[in-house]
Amino acid sequence: MASISGIYSRCMPELPEVETIVRDLNKVVLGRKIEDVWCDWRKSIKRPSGFSVFSRAVEGKQIERVWRRAKNIIFELSGGKILLIHQKMTGHLLYGAWSMKHKAWMPKEKGPLEEPANRFIHLIFWLDNGKQLALSDLRKFAKVELWDKKEFLSSTEFKSWGPEPLEKSFTFEKFKKILPARGKIKQILMNPQIIAGIGNIYADEILWEAKVHPLCLVNQFSGYQLKRIYLSIKKVLTKAIKLGGTSISDFRKLSGEKGLFGETRKAYRREKEKCHRCKSVIKRIKIGGRGTCFCPVCQRI
DNA sequence: CGGGGCTCCTGTGCGC
DNA sequence: TGCGCACAGGAGCCCC
């Protein structure tokens, strides 16, 4: 439960982290009714426009189901509604009861709650068991959307997402089929319209596992090399979920203001460290504006 | 159609 | 010791 209990946070949620959060949410919020909503950064709520419309539509609804698609957390609410939350870079869903008393704006009737609070919380759902579900988001990139379920399932947004790499239907044949004619492999792995759920961290991990250089062009791979990439996708993501995402982006206690950014950066600071396979020094380059770490010796192909 | 660049944000870390 | 600026980054969007 640590992944969503109030005082814990994780960095850069990708498929394994979101999957872990969704599994934990399923243990605590199913059947809970949303009694109240509060938000102090209304830009996060992309849909519908207008916070009062959003809050009126959400309040009184029961959480019937929680699932994941790509890096999105999907809450199915009573009345055929879908509440979608994408945590983007620094968003964390928190579950618990904690004090917001340092925030002067917090209505008194909502308290009293327990410490610790988190000054990056910008959205709170009060549940009918006295707990809160909150979205903490330092960089304010996270997005929240409310849909009618039917509309959501037939939307271009929903249909644009690439296949789920851990589903059984994601076979090697399917992988080969969805690959574009050209492009750098790192950017392809990170493109949510091609494959769902892989971000910067796991793209680097997968390519290291596959011993593939991130700048390789997709049309230059042999079948054997493609197979290695495919198997590495399954292996790395499966292992990460098994470890609750902790193997790469680890849990860290969130104690007030310090530590959050350091935690975020830690996963991206593998350069200058030794490669676990060949002891060479890990190199860092930029691909498509994204920091990329790889071993220049054993990731050759 | 594809690829590159911009945008949103703010804590951090550097240069001077 | 302090000030200011560049930087990171998911994914949608725009433009050529």
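What you see is a predicted model; the values in this text were computed from it and never measured. Each chain gets a letter, A, B and so on, in the order its sequence line appears, and its residues count up from 1.
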Rounded interatomic separation in angstrom, taking [atom1] from [X] and [atom2] from [N]:
X        : N      : atom1 : atom2 : answer
A/Lys186 : B/dG3  : NZ    : P     : 17 Å
A/Ile188 : B/dG4  : CD1   : P     : 12 Å
A/Trp41  : B/dC8  : CH2   : C1'   : 9 Å
A/Met89  : C/dA8  : CE    : P     : 11 Å
A/Asp137 : C/dG10 : CG    : P     : 13 Å
A/Asn191 : B/dG4  : CG    : P     : 13 Å
A/Arg139 : B/dT10 : CZ    : P     : 9 Å

## Note on the structure
Terminal axes of the helix from B/dG2-C/dC16 to B/dC16-C/dG2 (5 end pairs apiece), angle rounded to 10 degrees, sit apart by 60°

## Note on the structure
When rounded to the nearest 0.5 Å, the distance separating CH2 of A/Trp147 from CD of A/Glu157 is 5.0 Å

### Query
At under 4.0 Å between heavy atoms, what does A/Lys286 touch on the DNA or RNA strands: base, sugar-phosphate, or nothing?
sugar-phosphate

### Query
Does the side chain of A/His86 get closer than 4.0 angstrom to OP1 or OP2 of C/dG10 through an N or O atom?
no

### Query
Reckon A/Lys184 has a side-chain N or O less than 4.0 Å from the OP1 or OP2 of B/dG3?
no

### Task
Return the orientation label for the A/Phe125 and A/Phe54 ring planes: parallel under 30°, perpendicular over 60°, tilted otherwise.
tilted

### Query
In terms of ring plane angle, is the pair A/Phe175 and A/Phe170 parallel, tilted or perpendicular, where the classes change at 30° and 60°?
perpendicular

### Query
Under the 3.5 angstrom rule, does the side chain of A/Glu76 hit a backbone N or O of A/Arg65 as a donor-acceptor pair?
no

### Message
Tell me if a side-chain donor or acceptor on A/Arg47 pairs with a main-chain N or O of A/Leu146 at a distance below 3.5 Å.
### Response
yes

### Query
Do we count A/Phe141 as stacking onto B/dC8 if the rule is ring centres under 5.5 Å and planes under 30°?
yes

Filtered N/O pairs between nucleotides 12-14 of chain C and protein, under 3.5 Å:
residue: C/dG12; atom: OP2; partner: A/Gln193; partner atom: NE2; Å: 3.4

### Query
Does a salt bridge link A/Lys27 with A/Asp24, judged by any charged N lying under 4.0 Å from a carboxylate O?
yes

### A/Glu164 bridged to A/Arg68 by N-O distance under 4.0 Å
yes

### Task
Could you name each residue pair satisfying side-chain hydrogen bond (donor to acceptor under 3.5 Å, both in side chains) that touches residues 208-220 of chain A, not counting sequence neighbours?
A/Glu209-A/Lys235

Looking only at side-chain atoms of [X], point me to the closest of [options].
X        : options               : value
A/Lys140 : B/dT10, B/dC8, C/dG9  : B/dT10
A/Phe120 : B/dG11, C/dA11, C/dG9 : B/dG11
A/Arg182 : C/dG10, B/dC8, B/dG2  : B/dG2

### Task
Apply the side-chain contact (heavy atoms from CB on, under 4.5 Å) test between A/Leu123 and each candidate in A/Leu135, A/Asp137, A/Leu93; give the one that qualifies.
A/Leu135

